[in-house]
Amino acid sequence: MADSWVNSAEILGSDLHLELTRAGSRRTALMAALREAIRDGRLAPDTRLPPYRSLAADLGIARNTVADAYAELVAEGWLTARQGSGTRVAPRPASPPPRRRTPGRERGGRPSGATGGRRGPRPAPRPVHNLLQGQPDAASFPRAGWLASARRALTAAPHEAFGPGDPRGRPELRRALADYLARVRGVRTDPERIVVCAGFAHAVRLLSDTRLLRPRMAVESYGLDFHRSLLRSAGIRTVPLPLDADGALTEGLADLDGVRAALLTPAHQFPTGGPLHPGRRAAAVAWARESGGLLLEDDYDGEFRYDRRPVGAVQGLDPDRVLYLGSASKSLSPALRLGWMVLPDHLVDGLLATKGEREGWTGVLDQLTLADFIESGGYDRHVRRMRQQYRRRRDQLVAALAERAPHIRVSGIAAGLHAVLELPPGTERSALRAAAWQGLALDGLGGYRHPDATTPHRDGLVVGYATPPEHSFAGALDALCRALPPEQTAT
């Protein structure tokens with residue numbers, strides 16, 4: 001039978017009643033008792049706990065046992081530990097409203113007819129702050145400018161625009177995109193080589209159906225599993241390219257048997273950050289030329305570079321071997337469902353045959369509106385404004401970490417809408433649990449790692465600093481800092 005004892009510890013003049021009855025080690029029992037006291041409200045937020053030496057003496061257990069329990073509860077987000085402030089109960093996000101009782105459930109939420117038993121673990125609170133990557137600030141969508149462009153576009157649209165859609169996309173949008181991408185991203189194209197689509201995923205599906213990417217395709221060892229799953233569902237096996245601080249090791253493409261294409265994020269590697277080194281850009285293009293292969297360039301946030309001029313598109317090095325893929329999902333909104341493919345001339349007809357005779361994915365009015373928004377200068381003004389806003393948020397994130405978690409290194413911040421917080425080995429899972437307890441929605445770096453990658457896993461958090469509304473960003477940063485693991489010290 002597990003040890004069972006009752007004791008009390010003086011906390012700021014009050015007695016804390018702890019009942020250590022949990023089976024297992026005394027450290028496990030102490031952690032369970034403290035969690036229960038916090039859940040029940042007997043330990044209110046910001047309550048200061050006694051020094052671990054004092055609590056160990058009161059309970060008659062080893063100091064290291066209490067110290068380890070405190071450290072684990074800090075990592076999980078139940079407690080906080082700051083120099084000069086001691087160990088305290090962590091603040092908690094507001095609880096969600098209670099659910100209504102539904103038929104078939106008795107008072108207390110137990111299903112009718114259920115038998116008694118030990119109460120299971122309580123679920124983490126619903127997310128209060130969204131720090132998931134890949135989403136712009138929805139509140140900053142340029143409604144007034146978009147509405148003005150929609151009115152102009154609707155007034156000027158020819159009658160034939162309201163007939164069956166052209167699978168290439170509206171010529172007004174393709175002309176606007178050709179000029180914009182050449183000016184801002186260094187893309188070499190003309191309107192006849194641009195095909196409008198519903199976003200990056202739609203582009204990948206279309207390209208997969210053309211059989212251009214089979215049987216094997218190289219991808220970066222860290223990236224979206226959603227994209228890899230799209231390729232898998234099309235019968236394409238993905239082969240991971242190792243990464244380092246200079247991006248994907250494209251020199252190894254020539255050693256991959258059966259690989260006919262490679263998917264890269266050269267401007268800002270997703271999610272680890274950093275541009276692809278110029279030498280590796282050249283190596284990738286050389287491989288494509290010599291092997292007859294293709295490069296798919298995912299320019300998912302190329303406009304948002306903060307510390308220097310944007311890195312130009314790889315497509316400009318060889319328009320016949322590089323397929324450039326972009327969308328409005330990061331710069332404007334994913335709700336628009338507007339993307340574009342800049343294709344080599346010899347691939348256009350095959351892609352259009354796969355897409356079909358009529359446009360079935362993107363609305364004509366949105367295409368016309370985006371064309372006007374670009375040509376009127378509204379798109380440039382919006383991107384510049386959001387670049388300043390996102391840079392300010394990035395700076396706030398970096399400053400908060402420097403002040404409250406200086407042991408956490410932040411990377412990938414020269415561009416984009418997210419940053420990577422590099423964690424001590426073995427702490428990613430506990431940090432994610434702590435984040436959930438603080439009401440944060442965010443991802444761990446491990447979720448982006450290719451299952452066949454051979455390089456060691458890096459523990460980290462992927463923090464999307466663009467997503468929260470402006471008024472709640474400070475609160476999101478505060479909750480994030482509380483969720484981070486404490487600095488590890490030698491024992």
Side-chain angles (χ1 to χ4, degrees), residues 134 164-171 173-178 181 185 187 189-220 223-239 259-266 270 288 292-300 302 313-315 318-332 334-364 366-367 370-371:
D166 184 343
R168 292 178 185 267
R170 286 300 304 173
L173 178 55
R174 290 187 283 114
R175 286 194 297 267
L177 285 171
L181 295 174
R185 304 297 298 126
V187 171
T189 190
D190 59 67
E192 297 307 307
R193 294 168 58 191
I194 295 177
V195 176
V196 176
C197 58
F200 181 84
H202 184 211
V204 170
R205 288 189 179 100
L206 290 172
L207 291 167
S208 299
D209 290 344
T210 65
R211 309 185 71 85
L212 291 170
L213 312 181
R214 301 180 184 184
R216 306 173 79 211
M217 181 176 181
V219 298
E220 294 161 332
L224 278 175
D225 183 62
F226 173 63
H227 294 164
R228 295 192 294 262
S229 68
L230 289 177
L231 296 167
R232 285 196 302 270
S233 66
I236 301 168
R237 179 185 173 188
T238 59
V239 181
V259 169
R260 299 179 58 188
L263 173 61
L264 303 174
T265 52
F270 181 85
L294 295 172
L295 298 176
L296 273 63
E297 179 174 12
D298 180 6
D299 197 29
Y300 69 98
V314 171
Q315 190 269 358
D318 192 336
D320 291 330
R321 288 287 129 198
V322 183
L323 287 72
Y324 178 91
L325 309 177
S327 79
S329 63
K330 307 295 188 297
S331 57
L332 284 170
L336 290 178
R337 309 309 306 149
L338 278 175
W340 42 88
M341 296 176 277
V342 179
L343 303 171
D345 186 66
H346 64 281
L347 298 183
V348 173
D349 290 342
L351 193 284
L352 291 175
T354 299
K355 192 177 184 187
E357 295 183 0
R358 297 183 179 182
E359 173 56 65
W361 298 90
T362 61
V364 166
D366 281 343
Q367 291 186 50
L370 180 57

Check your understanding: Under 3.5 Å, is there a donor-acceptor pair between the side chain of R228 and the main chain of G223?
Key -> yes

Practice item. Would you name the heavy atoms of S329 and S327 that are closest together and state the gap between them? Key: OG-OG, 2.9 Å

Revision key, fill the gap. One should read off an interatomic distance between L213 CG and L231 CG, to the nearest 0.5 angstrom, of 6.5 Å

Check your understanding: Partners of E192 by salt bridge (charged side-chain N to carboxylate O under 4.0 Å, His left out), sequence neighbours excluded?
Key -> R168, R174

Check your understanding: Distance from Q367 atom CD to L338 atom CG, nearest 0.5 Å?
Key -> 6.0 Å

Exercise for review: Using modelled atom types only, decide if a donor and an acceptor are shared between the side chain of T265 and the backbone of F270 within a distance under 3.5 Å.
Suggested key: yes

Point to revise | Main-chain N/O of A198 paired with R337 side-chain donor or acceptor, under 3.5 Å | key: yes

Point to revise | Any donor-acceptor N/O pair, R321 side chain to G292 backbone, under 3.5 Å | key: yes

Check your understanding: Roughly how far, to the nearest 0.5 Å, is OG1 of T238 from CG of L230?
Key -> 11.0 Å

Point to revise | Side chains of R232 and D225 in contact at under 4.5 Å (non-hydrogen atoms) | key: yes

Exercise for review: Could you grab the distance from atom CG of L294 to atom CG of L296, nearest 0.5 Å is fine?
Suggested key: 7.0 Å

**Study point:** Whether Q315 side chain and Y324 backbone form a donor-acceptor pair below 3.5 Å
**Key:** no

Check your understanding: Do the side chain of R193 and the main chain of P319 share a donor and acceptor less than 3.5 angstrom apart?
Key -> yes

Exercise for review: Output the distance between atom CG (D349) and atom OG1 (T354), rounded to the nearest 0.5 Å.
Suggested key: 11.0 Å

Point to revise | H202 NE2 to L207 CG distance, which is reported to the nearest 0.5 Å | key: 10.0 Å

Check your understanding: Does any non-hydrogen side-chain atom of L370 lie less than 4.5 Å from one of L336?
Key -> no

Review point. Taking all atoms of both residues into account, what is the closest heavy-atom pair of T210 and G350, and its distance?
Key: CG2-O, 4.3 Å

Check your understanding: Yes or no on side chain to side chain contact (heavy atoms under 4.5 Å, CB included) for L264 and V314, after CA distance, side-chain angles and deciding distance?
Key -> CA-CA 10 Å; L264 303 174; V314 171; over 6 Å; no

Check your understanding: Do T362 and C197 have side-chain heavy atoms sitting under 4.5 Å apart?
Key -> no

Check your understanding: Tell me, do L263 and M217 make a side-chain contact under 4.5 Å, heavy atoms counted?
Key -> yes

Exercise for review: Evaluate the side-chain proximity of L181 to W340: yes if any heavy-atom separation is below 4.5 Å, no if none is.
Suggested key: yes

Review point. Which heavy atom in S208 sits nearest to a heavy atom in A234, and how many Å separate them?
Key: CB-CB, 3.6 Å

Review point. What pairs with V195 under side chain to side chain contact (heavy atoms under 4.5 Å, CB included), at least two apart in sequence or on another chain?
Key: M341, L343, L351, L352, K355

Check your understanding: Considering all heavy atoms of both residues, which atom of K330 and which atom of Y300 are nearest to each other, and what is their separation?
Key -> CG-O, 3.1 Å

Exercise for review: Kindly give the heavy-atom pair with the smallest separation between L325 and A203, and that separation in Å.
Suggested key: CD2-CB, 4.2 Å

